[in-house]
Amino acid sequence: MRRILVTSALPNANGAIHLGHMLEHIQTDIWVRFQRMMGNQCIYVCADDTHGTATMLAAEREGVTPEALIERLRAEHAEDFRRFHVSHDNYYSTHSPENEHYNREIYTRLAERGYTYTADVEQLYDPVRKLFLADRYLKGNCPRCGADDQYGDNCQECGATYDATELVEPRSMLSDAEPELRNSTHYFVDLPQFADFLKEWTATEAVQSEVANKLAEWLTGGLKAWDISRDAPYFGFRIPGTEDKYFYVWMDAPVGYMASFQNLCDRTEGLEFDDFWRPGTQAEVHHFIGKDIINFHCLFWPAVLSGSDFRTPTKVHVHGMLTVDGKQMSKSRGTFINAGTYLEHLDPEYLRYYLATKFGGNTDDMDFGLDDFVQRVNADLVGKVVNIASRCAGFIGKNFGGRLAGDIRDTELWDAVSGAGDELAELYESGDTGRAVRRITALADLGNRYIAEHEPWKHLRDPDRRDEVHGVCSLGINVFRALAVYLKPILPAMAEKAEGFLRVEQLAWHDAATPLLDHEIDRFKPLFTRIDKKALDKVIEATRAEAAEASAAQESHTVGIDDFQKVDLRVAKVLAANFVDGADKLLALDLDVGDHQRRVFAGIRSAYDPAKLVGRLVVVVANLEPRTMRFGVSEGMVLAAGPGGRDIFLLAPDAGAEPGMQVT
RNA sequence: GGCUGCGUAGCUCAGUUGGUUAGAGCACAGCAUUCAUAAUGCUGGGGUCGUUGGUUCAAGUCCAACCGCAGCUACCA
């Protein structure tokens, strides 16, 4: 029995799970379920990737703590995956004590062995927001071609790459302030010391050949030291021995795989962390990732592991990106589909099956063709596979008491179907489920052809041919059963229904090799319904609507008077103001809006004493969609100016204004 | 700009080390069938294999340039 630990890349705690995430988790889950069906021990862990400046800023915008924000998203993400039948053994968080423990341990070991050092770095600093700016938060003019509005790493116009400090007329995207050049001490992993190790490691079976080719670019071009620290304020783990330095999120994210596993071990008898992570163990570790994060998983991660005396990954399975109708997923086209939106209208197994037809175990991009999706799923699953059971079950039930024949009538067909197991197993193992599905549907074609040739409906009336009819239909059911086994890693829910129909225990891989004989089965109920194209259209419409809402809210620089008039601004009087338990940025305000009262949570605690707010007038957005926060529902928004922190200034109408008056 | 990979019928994809008239499924057309969720079976039309040039007796397959797509380019998580 193999002992295997499997991971999918950690989704970021800054948005909903979408089809791109689902692609990776479905691919991983198919492989995991296949391994379990083969009788291997296969543990599948994942987590939300929670740290970084983005989380900090998002929490600030929502007026909640980062901890509250990431826990809400973690729960949502875990639920989305569960509903798609993704069988994580643990879906954890990188913001966990286990993760902090292993980050410290890894860092300490690296430092002890001389793999780390510090150096001063010149970096752009936002004097208003008081933080160092990552490239993505900087814009300016390209130092080479002069194009304006370019990010801090490279130019979209001329393709030049440069350092953020070279930008002409740089601006902070957070405050629009002109950044200052400041010095800061940073911590580095001395990657060049791992060059020989990495050259060796990337030449093994651990990575696909095209991935090794890509990695050769870094390995032959010369590795640079890796900057693993960030300055406060930063949402993350503090580096041991420092006051204001934090681990860069890409340092602690992969360690999150270990942390999630440790957390599972702590509540699972017989599961030992060291069995999987000590050097030289026979247990396997497999990572599934997209081609966008190859360098983190195939350079930094194995180097860090080997330098801190942990085992290195058995294999990194890299997949390509998902396009929809041949183009990048796009919010305006309605193709940036969230998992939750999909689930409102469609069965998750449609997507699992369709994506399975696309996986080839390589890094090619995969296209989600909307029409193709509908046709492929309906034709293959309903028309071919399930149809075999559907057309045979009636005969068995009505004429033979629901009992299958005692022997296999035609060994040629049965041998072809039952004998495909080894080949299919190899295809699943290598990740080529596309080819596996093609082989399986070809077997279904054999089954349907066999039934058509033997025309059981014609011979049913002939008492001399009763046995023949019984044998043909029983074989049909057995073909279906084998196909259900072969498809079970992809379609677990369908397989479960099939188990009920066949009245059998959980199907394992080897069950496909032995037929079900002289066995009573249940009445047939539809195992799979066809996709209605209209349901898919609704998904696209809903996605487009979500996007329109979001972009209307933030994108346009100028608004028409119509847009402005949609905002219902009212004068309100503060009746009560209170601290909120567990929220360090919020105040709960009870407002008199003229004809009624309402409660609003405002992120102004850092600047206002609640006692001094009572009785004063403020301006409130009265028709803002109510937002459910951890502490209750916020029904509106109080207007204020300023960058935040101590500098928040509430708007106030002049004397004479009354609660409820509209602001125009 | 550099790097990795991809570009084959209307659509989604197969095409091993270059070797006879380039394949499958879906879609489409015709026929058959009616057991089955308008499901199935048989037959058929449809491609100058992204473009151009080269190597070779022979190129979808090897080489070069160009075009298009995706990703990376070390601070995008």
### Test of ring centre spacing under 6.0 Å for A:Phe524 and A:Phe501
yes

### Query
Would you call A:Arg238 and A:Asp244 a salt bridge, using N to O less than 4.0 angstrom?
no

### Query
How far does the C1' atom of B:rG10 sit from the matching atom of B:rU52, given to the nearest Å?
27 Å

### Message
Between the base of B:rC72 and the side chain of A:Asn295, is one N or O donor paired with an acceptor at under 3.5 angstrom?
### Response
no

### Query
Can you tell me if the side-chain N/O atoms of A:Asn213 get under 4.0 Å from OP1 or OP2 in B:rG5?
yes

### Task
Could you tell me whether A:Lys224 and A:Asp227 have a side-chain N and a carboxylate O separated by less than 4.0 Å?
no

### Task
Pick base, sugar-phosphate or nothing for A:Gln375, based on heavy-atom distances below 4.0 Å to the nucleic acid.
sugar-phosphate

### Query
Is the shortest distance from a Lys or Arg side-chain nitrogen in A:Arg74 or A:Glu67 to a carboxylate oxygen in the other one below 4.0 Å?
no

### Query
OP1 or OP2 of B:rA70 less than 4.0 angstrom from a side-chain nitrogen or oxygen of A:Lys291, does that happen here?
no

#### Entry: salt_bridge(A:Asp445, A:Arg449) N-O dist < 4.0 Å
no

### Message
Between the base of B:rA39 and the side chain of A:Lys384, is one N or O donor paired with an acceptor at under 3.5 angstrom?
### Response
no

### Task
Looking only at side-chain atoms of A:Arg391, point me to the closest of B:rC11, B:rC35, B:rC72.
B:rC35

### Message
Looking only at the side chain of A:Lys214 (C-beta and beyond, no hydrogens), which of the listed nucleotides B:rG2, B:rA39, B:rU40 gets closest?
### Response
B:rG2

### Query
What about A:Glu217, does its side chain sit under 3.5 Å from the base of B:rC72 through a donor-acceptor pair?
no

Interface polar pairs with nucleotides 32-34 of chain B, N/O, under 3.5 angstrom:
none

## Note on the structure
Annotated structure of RNA chain B as dot-bracket, pair cut-off 3.5 Å, Watson-Crick or G-U only, | for inter-strand, is (((((((..((((.....[...)))).(((((.......))))).....(((((..]....))))))))))))....

### Message
Test: side chain to side chain donor-acceptor pair (under 3.5 Å). Region: residues 467-482 of chain A. Which pairs qualify, not counting sequence neighbours?
### Response
A:Arg465-A:Glu468

### Message
Check whether A:Lys358 reaches the backbone of A:Asp367 with its side chain - one donor and one acceptor, N or O, closer than 3.5 Å.
### Response
yes

### Query
What nucleotide among B:rA74, B:rC75, B:rU12 has an atom nearest to a side-chain atom of A:Tyr354?
B:rU12

### Message
Heavy atoms from C-beta onward define the side chain here; which of B:rU4, B:rA74, B:rG41 lies closest to that of A:Trp218?
### Response
B:rA74

### Query
Can you check whether A:Thr363's main-chain N or O pairs, donor with acceptor, with A:Glu210's side chain at less than 3.5 Å?
yes

### Task
Would you tell me if any nitrogen or oxygen in the side chain of A:Arg530 comes within less than 4.0 Å of OP1 or OP2 on B:rA39?
yes

### Message
Give me the distance, rounded to whole Å, that separates B:rC66 from B:rG30 when you measure between the C1' atoms they each carry.
### Response
45 Å

